Visitor: 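Attaching a single structure in structure tokens format; questions to follow.
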Amino acid sequence: MKSNADSFYSLVYQITSQVPAGRVTTYGRIAALAGSPRASRAVGYALSALKEENLQQIPWQRVINAQGRISGKGDLLRADLQKKLLEKEGIVFDENDVVNLALYLWP
DNA sequence: ATCGTGACGAACG
DNA sequence: CCGTTCGCCACGA
């Protein structure tokens with residue numbers, strides 16, 4: 001059986017909320033957990049729809065791409081904020097602003 | 001139902 | 001490192 005009131009968006013938010021501090025996950029990973037391993041684009045689309053209210057309750061900053069890098073397309077301010085928030089949680093970036101997913105990837 | 005769009009992913013050069 | 005190309009999926013008009 002499938003979820004009823006939970007759209008793909010809600011599912012993405014639910015999963016994102018489960019990511020603990022000090023860890024990160026990728027769009028593709030969330031898509032897989034949501035039941036669609038190839039819906040990575042849809043995941044990013046869902047997070048882009050987040051409003052200020054949601055930003056307070058959802059750790060969107062812990063979601064990065066499979067290359068361990070921040071996307072924040074069209075909004076570099078948001079990308080800079082994301083990096084700061086992650087570093088604050090203990091995440092370390094290398095000289096190229098890339099995170100070692102082998103160390104922080106969740107689940 | 002069809003089309004355009006997008007915080008993606010992997011493969012190539 | 002960068003840019004390009006193709007494929008995948010969900011959503012709104």
Side-chain angles (χ1 to χ4, degrees):
Chain A
M1 63 292 180
K2 295 188 53 183
S3 37
N4 312 314
D6 292 318
S7 63
F8 185 79
Y9 275 31
S10 297
L11 203 47
V12 170
Y13 302 148
Q14 296 285 327
I15 296 171
T16 302
S17 301
Q18 293 170 41
V19 181
R23 304 270 180 169
V24 297
T25 190
T26 68
Y27 301 97
R29 200 67 59 142
I30 291 179
L33 294 175
S36 301
R38 278 67 156 179
S40 51
R41 300 183 75 163
V43 173
Y45 196 66
L47 293 178
S48 68
L50 286 172
K51 309 278 188 267
E52 269 186 62
E53 295 185 332
N54 300 325
L55 295 181
Q56 298 177 82
Q57 43 194 327
I58 299 179
W60 59 273
Q61 70 251 40
R62 297 175 192 145
V63 184
I64 58 182
N65 59 30
Q67 298 160 58
R69 214 161 180 224
I70 297 174
S71 300
K73 198 178 203 172
D75 201 328
L76 300 181
L77 281 332
R78 185 99 356 153
D80 184 63
L81 174 62
Q82 179 167 15
K83 184 183 176 185
K84 287 192 171 187
L85 289 172
L86 292 178
E87 291 182 316
K88 211 170 175 181
E89 297 180 351
I91 305 293
V92 179
F93 290 76
D94 68 4
E95 315 100 70
N96 293 317
D97 294 317
V98 180
V99 175
N100 186 337
L101 293 176
L103 301 177
Y104 309 109
L105 188 59
W106 173 95

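Only a predicted model underlies this, so the values are computations on that prediction, with no experimental measurement involved. Chain letters run A, B, ... following the sequence lines, proteins first, then strands; residues in each count from 1.
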Visitor: Nearest-Å distance, CH2 (A/Trp60) to P (B/dC8)?
Guide: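 So the CH2-P distance, A/Trp60 to B/dC8, works out to 13 Å.
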Visitor: What is the nucleic acid contact for A/Ser36, judged by heavy atoms within less than 4.0 Å: base, sugar-phosphate only, or nothing?
Guide: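 Answer is sugar-phosphate: A/Ser36 comes under 4.0 Å of backbone atoms only.
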Visitor: Would one find a side-chain N or O of A/Ser40 under 4.0 angstrom from OP1 or OP2 of C/dC9?
Guide: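 For A/Ser40, the contact criterion (side-chain N or O under 4.0 Å from OP1 or OP2 of C/dC9) is not met.
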Visitor: Nearest-Å distance, CD (A/Gln67) to C1' (B/dA11)?
Guide: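 Atom-to-atom, A/Gln67 to B/dA11, this comes out as 12 Å.
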Visitor: Does A/Asn65 place a side-chain N or O at less than 4.0 Å from the phosphate oxygens OP1/OP2 of B/dA7?
Guide: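 Result: no.
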Visitor: Taking CG from A/Leu76 and P from B/dA7, how many angstroms apart are they, rounded to a whole number?
Guide: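 Checked: the CG to P distance equals 11 Å.
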Visitor: Can you tell me how far CD1 of A/Ile58 sits from NZ of A/Lys51, rounded to the nearest 0.5 angstrom?
Guide: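 Separation between the atoms: 11.0 Å.
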Visitor: Nearest-Å distance, CG (A/Leu47) to P (B/dC8)?
Guide: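 It is 10 Å, rounded to the nearest whole Å.
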Visitor: In whole angstrom, what separates A/Lys73's NZ from B/dG9's P?
Guide: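 Between P of B/dG9 and NZ of A/Lys73: 12 Å.
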Visitor: Considering only heavy atoms and no angle criterion, is a donor-acceptor pair shorter than 3.5 Å present between the side chain of A/Arg29 and the base of B/dG9?
Guide: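 Such a pair does not exist between side chain and base.
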Visitor: Nearest 0.5 Å please: distance from the CG atom of A/Leu50 over to the OG1 atom of A/Thr16.
Guide: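 Answer rounded to 0.5 Å: 8.0 Å.
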Visitor: With a non-hydrogen cut-off below 4.0 angstrom, is A/Ala39 in contact with a base, only sugar-phosphate, or nothing?
Guide: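 Touches sugar-phosphate only.
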Visitor: For the side chain of A/Arg41, starting at C-beta, report the closest nucleotide among C/dC8, C/dC11, C/dC2.
Guide: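 For the A/Arg41 side chain, the nearest candidate turns out to be C/dC8.
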Visitor: Under 4.0 Å, counting only non-hydrogen atoms across every strand here, what does A/Ser71 touch: a base, just sugar-phosphate, or nothing?
Guide: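 Since only primed, P, OP1 and OP2 atoms lie under 4.0 Å of A/Ser71, the category is sugar-phosphate.
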Visitor: Please state how far atom CG in A/Leu81 lies from atom C1' in B/dA7, giving the value in whole angstrom units.
Guide: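 In whole Å, B/dA7 C1' lies 14 Å from A/Leu81 CG.
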Visitor: Report the distance from atom CG of A/Leu86 to atom C1' of B/dA7, rounded to the nearest whole Å.
Guide: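 Nearest whole value for this atom pair: 13 Å.
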Visitor: Donor-acceptor pair, distance only, cut-off 3.5 Å: does the side chain of A/Asn96 make one with the backbone of A/Val98?
Guide: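 It does not hold such a pair.
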Visitor: What integer number of Å spans the C1' atoms of C/dA13 and B/dA7?
Guide: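 About 22 Å, rounded to a whole number of Å.
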Visitor: Quick check: do A/Trp106 and A/Gln18 have side-chain heavy atoms less than 4.5 Å from each other?
Guide: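 Yes - at least one pair of side-chain heavy atoms lies under 4.5 Å apart.
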Visitor: Taking the side chain from A/Gln82 and the backbone from A/Val63, do they hold a donor-acceptor pair closer than 3.5 Å?
Guide: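 Such a contact is found between A/Gln82 side chain and A/Val63 backbone.
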Visitor: What contact category does A/Asp75 fall into here, base, sugar-phosphate, or nothing, at under 4.0 angstrom with non-hydrogen atoms?
Guide: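 The residue A/Asp75 makes no contact with any strand.
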Visitor: Nearest to the A/Phe8 side chain among C/dA10, B/dA7, B/dG6, which nucleotide is it?
Guide: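 From the listed options, C/dA10 comes nearest.
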Visitor: From C-beta outward on A/Tyr9, which listed nucleotide comes closest to its side chain: C/dC2, C/dC11, B/dA7?
Guide: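 So the side chain of A/Tyr9 is nearest to C/dC11.
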Visitor: Contact class for A/Tyr27 vs. all strands (heavy atom < 4.0 Å): base, sugar-phosphate, or nothing?
Guide: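 Since a base atom lies under 4.0 Å of A/Tyr27, the category is base.
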Visitor: Rounded to whole Å, how long is the line connecting atom CZ of A/Arg69 with atom C1' of B/dC8?
Guide: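 Spelled out: CZ on A/Arg69 to C1' on B/dC8 is 15 Å.
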